[in-house]
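Indexing begins at 1, ligand by ligand and atom by atom, following the structure's order. Remember, predicted model here, so these are calculated numbers, not experimental data. Scope of the values below: all heavy atoms of this structure, side chains included, with no hydrogens, waters or symmetry mates.
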Amino acid sequence: MSASGTDNRQANDPGRKKRVVIVGGGTAGWMTASYLVAAFGDRIDVTVVESARIGTVGVGEATFSDIRHFFEFLQLAESDWMPACNATYKLAVRFEDWREPGHHFYHPFEQLGSVDGFPLSDWWLRSPTTSRFDKDCFVLASLCDAGRSPRYLDGKLIDQGFAEQERDETSARSTIVEYQGTQFPYAYHFEAALLAKYLTKYSTQRGVRHISDDVTDVALDEDGFISHVRTAGHGRLDGDLFVDCTGFRALLLNKALGEPFESYQDTLPNDRAVALQVPLDMDREPMRPCTTATAREAGWIWTIPLVSRIGSGYVYASDYTTPEEAERTLRAFIGPAAADVEANHIKMRIGRSRRSWVKNCVAVGLSSGFVEPLESTGIFFIHHAIEQIVKYFPSGRDDHHLRNLYNESIEHVMDGVREFLVLHYVGAKRADNQYWKDTKTRRIPDSLAERIEIWKHKVPDAQTVFPYYHGLPPYSYNCILLGAGGIEVRHSPALDLADDRAALAEFERIRLKAEKLVQELPTQNQYFANMRAGA
Ligand code: FAD
């Protein structure tokens, strides 16, 4: 990487439009471009340069329910973008075989209720009505078991204490997901490559410049800021802010600026994946309205139903199995439908850059950091990062306070998610081979070890989970602890002295509501067949 002199006064000139150069056109690059143009319109100048030679990672992705704020911010309706991205609904993550073979439980997009000041999980430990914590406490678990859509055929959303607002072009857009108090009942599955294509059109129609070329050099000025990137066919691209969306390569942040990458591998050893895209006949095969994570010998297999195909992949630790064995395991899991499909083997860099924003370069997406996709956090990290870029958008070069705040928020989100993922492995009852036995003895973050000791006596709440915003509310921790079954959790002693009739009535209310909704709602297949027919 070369150094060049650039006039710093020019970089700080307040009269000139800020030039943002985004290097990389995967999900991260195009989500960033479209969000910036939605936030600032033509008051900034945005260029995306992406290589036609280097591919993207997109494997068919599952998301967090907060992603709806992204589409809302762009003022895109589901009927606009979903059909273009083969998208479906996701009400939960379904965990199979984490406790023992044949067992499953859900982590749904539904807050846990409370009775007399105690969460339902606590009441359930005191007075379990059935053996299914998830079904007793959450309506969505039954909808997942029955394959139901969260919307009726006329588009009406199920009532989950969430009112959808009518919006027009001048309505205030809800952004910054951490300030949203409500839990929307679903997220999406979609094809990441199709979303990037859709957002390319969205962005370029609104003035984003799109260059198809390879960045071959990153030039730094005498202060160590990036002055420009050089491309193979379009010369140099000057900018004020450079966004590194080059994926695991992290060409700008880690390579040119030398920011170190801090690995999480000691606590999260899964470092590879093999993926297959399996055709699906929507008329014949049911589509589950959830992502499935099935525990396997050296990791777990994801199943993501999309319109017309299923995305599936085995995330595994290369210390415990080989790519060939992993591919065989995945093919055996899927069966004959995958026979003619080519496998995509992926190496994963697990951890985060020490700082994601350094000087005038901010990394978004895999270049910033990544953890295995067990709770579908990759696109959530991107969405969170771009919201924070807007929140802390710099005026010039001297905004180190804003950069520091940005870096802290990224650090918290990623470190918090790491704790949550590690809990899945420590908390899984399964210990039937060396891989699963080692999940119980491997080092875990100290703070998590302390929290687990507390949770054995008092189910997780806002006071005892990771203390900074990281996208996962306390109820999520309750789902994993009570679902995976490897850590013995006790109810609060106070509940032995309390009257449990109101709690039992609440379980019954949930059961009846779930029963009614299962009868009324269309299946996910019916809903999307209807949407695609343009009804
Ligand atoms: P990439 O997709 O790698 O894109 C990099 C871009 O940079 C490309 O456009 C490339 O052409 C460009 N580029 C690179 N070098 C140059 C250069 N020199 N010049 C110009 N351009 C260049 N996330 C979820 O939310 N849910 C999931 O279910 C999920 N599953 C995943 C499963 C696996 C196995 C993996 C690895 C990731 C998963 N993720 C998931 C994460 C998600 O795929 C990524 O967060 C997302 O796709 C963003 O990738 P990216 O844009 O950062 O990088």
Side-chain angles (χ1 to χ4, degrees), residues 1 21-33 47-64 66-67 70 90 93 187-197 199-200 210-218 229-234 237 242-253 255-256 270-276 291-293 299-304 306 311-316 326 330 343-350 356 363-386 417 471:
M1 300 299 149
V21 177
I22 300 172
V23 182
T27 319
W30 286 110
M31 279 181 73
T32 307
T47 300
V48 176
V49 52
E50 68 173 314
S51 166
R53 200 175 47 83
I54 304 167
T56 58
V57 157
V59 279
E61 324 259 342
T63 53
F64 261 34
D66 296 327
I67 189 74
F70 172 82
K90 167 187 173 185
V93 182
Y188 307 103
H189 302 122
F190 51 69
E191 289 199 39
L194 293 181
L195 182 69
K197 197 168 151 200
L199 295 179
T200 306
H210 180 196
I211 297 174
S212 177
D213 205 344
D214 281 12
V215 167
T216 52
D217 189 31
V218 181
V229 293
R230 192 167 293 285
T231 59
H234 292 76
L237 300 174
F242 289 83
V243 189
D244 184 345
C245 294
T246 57
F248 289 132
R249 284 179 172 75
L251 189 66
L252 281 65
L253 184 78
K255 295 225 170 67
N270 293 346
D271 58 350
R272 284 181 183 243
V274 50
L276 290 168
T291 305
T292 304
W300 58 276
I301 289 175
W302 79 75
T303 306
I304 295 182
L306 299 157
S312 190
Y314 185 15
V315 171
Y316 63 94
L330 180 63
N344 176 14
H345 287 267
I346 304 161
K347 283 188 189 159
M348 305 186 299
R349 188 178 76 146
I350 302 297
S356 285
V364 177
L366 301 173
S367 52
S368 159
F370 179 62
V371 293
E372 60 180 88
L374 183 54
E375 285 280 356
S376 323
T377 46
I379 288 167
F380 162 67
F381 290 149
I382 296 171
H383 180 202
H384 172 258
I386 51 189
V417 166

Per-atom contacts of ligand 1 with Gly26, taking only distances under 4.0 Å to non-hydrogen atoms: 4 (O), 6 (C), 9 (O), 51 (O)
Any side-chain heavy atom of Val23 within less than 4.5 Å of one from Cys245? no
Kindly indicate whether the side chain of Thr200, heavy atoms from C-beta on, has any atom under 4.5 Å from the side chain of His210. yes
Against Thr291, only a single residue in Leu374, Thr63, Ile304 fulfils side-chain contact (heavy atoms from CB on, under 4.5 Å); can you say which? Ile304
Looking at every heavy atom in both Tyr314 and Trp300, which two are closest together, and how far apart are they? CD1-O, 3.4 Å
Do ligand 1 and Thr377 have nitrogen or oxygen atoms that lie under 3.5 Å from each other? no
Tell me, do Asp244 and Val364 make a side-chain contact under 4.5 Å, heavy atoms counted? no
By number and element, which atoms of ligand 1 are closer than 4.0 Å to a non-hydrogen atom of Asp214? 19 (N)
With a cut-off of 4.0 Å, which atoms of ligand 1 are near a heavy atom of Asp213? 20 (C)
Which bit of Val315 gets closer than 4.0 Å to ligand 1, counting heavy atoms only: side chain, backbone, both or neither? neither
Determine whether Phe370 and Arg349 make a side-chain contact, defined as any pair of heavy atoms from C-beta on separated by less than 4.5 Å. no
Angle class for the Phe70/His383 ring planes (parallel below 30°, perpendicular above 60°, tilted otherwise)? perpendicular
Close-contact set for ligand 1 against Ala273 heavy atoms, below 4.0 Å: 34 (C)
Applying a heavy-atom cut-off of 4.0 Å, say which part of Arg249 lies close to ligand 1: side chain, backbone, both or neither. side chain
So for ligand 1, is Val215 a polar contact partner (N or O within less than 3.5 Å, distance only)? yes
For ligand 1, which atoms sit closer than 4.0 Å to a heavy atom of Leu251? 18 (N)
Contact check: Gly25 vs ligand 1, nitrogen or oxygen atoms, below 3.5 angstrom: yes
In ligand 1, which numbered atoms sit nearer than 4.0 Å to a non-hydrogen atom of Gly365? 52 (O)
So do the side chains of Val371 and Thr377 get within less than 4.5 Å of each other, counting heavy atoms only? yes
Gly247, Cys245, Ala193: member with heavy atom nearest to atom 6 (C) of ligand 1: Cys245
Ligand 1 versus Ala192: contacting region, heavy-atom distance under 4.0 Å: neither
CA sep, side-chain torsions, deciding dist, call: Ser376, Lys90, side chain to side chain donor-acceptor pair (under 3.5 Å): CA-CA 11 Å; Ser376 323; Lys90 167 187 173 185; 2.8 Å; yes
For Thr63 and ligand 1, answer yes if some heavy atom of the residue is under 4.0 Å from a ligand atom, otherwise no. no
Which distance, rounded to the nearest 0.5 Å, do you find between the CD1 of Ile54 and the CZ of Arg249? 4.0 Å
From atom 24 (C) of ligand 1, work out which of Ala62, Gly369, Pro373, Ser367 has a heavy atom at the shortest distance. Ala62
Relative to atom 40 (C) of ligand 1, which among His189, Glu61, Lys347, His383 owns the nearest non-hydrogen atom? Glu61
What is the distance from atom CD1 of Ile382 to atom CE of Met31, rounded to the nearest 0.5 Å? 5.5 Å
Test of proximity, Ile346 against ligand 1: N or O pairs below 3.5 Å: no
When you compare the side chain of Ile350 with that of Asn270, does any pair of heavy atoms fall below 4.5 Å? no
What I'd like to find out is whether the side chain of Ile67 reaches to under 4.5 Å of the side chain of Ile379, using heavy atoms alone. yes
From atom 44 (C) of ligand 1, work out which of Thr231, Ile350, Leu366 has a heavy atom at the shortest distance. Leu366
Please say whether Ile54 places an N or O atom under 3.5 Å from an N or O atom belonging to ligand 1. yes
Checking the N or O distance criterion of under 3.5 Å, is ligand 1 in contact with Thr56? no
Assess whether a salt bridge exists between Arg53 and Asp214, defined as any Lys/Arg side-chain N lying under 4.0 Å from an Asp/Glu carboxylate O. yes
If the contact criterion is a heavy-atom separation under 4.0 Å, does Trp302 count as touching ligand 1? yes
To atom 1 (P) of ligand 1, the nearest of Val49, Val23, Val57 on a heavy-atom basis is Val57
Of Phe370, Phe190, Tyr314, Phe248, the one whose closest heavy atom lies nearest atom 35 (C) of ligand 1 is Phe370
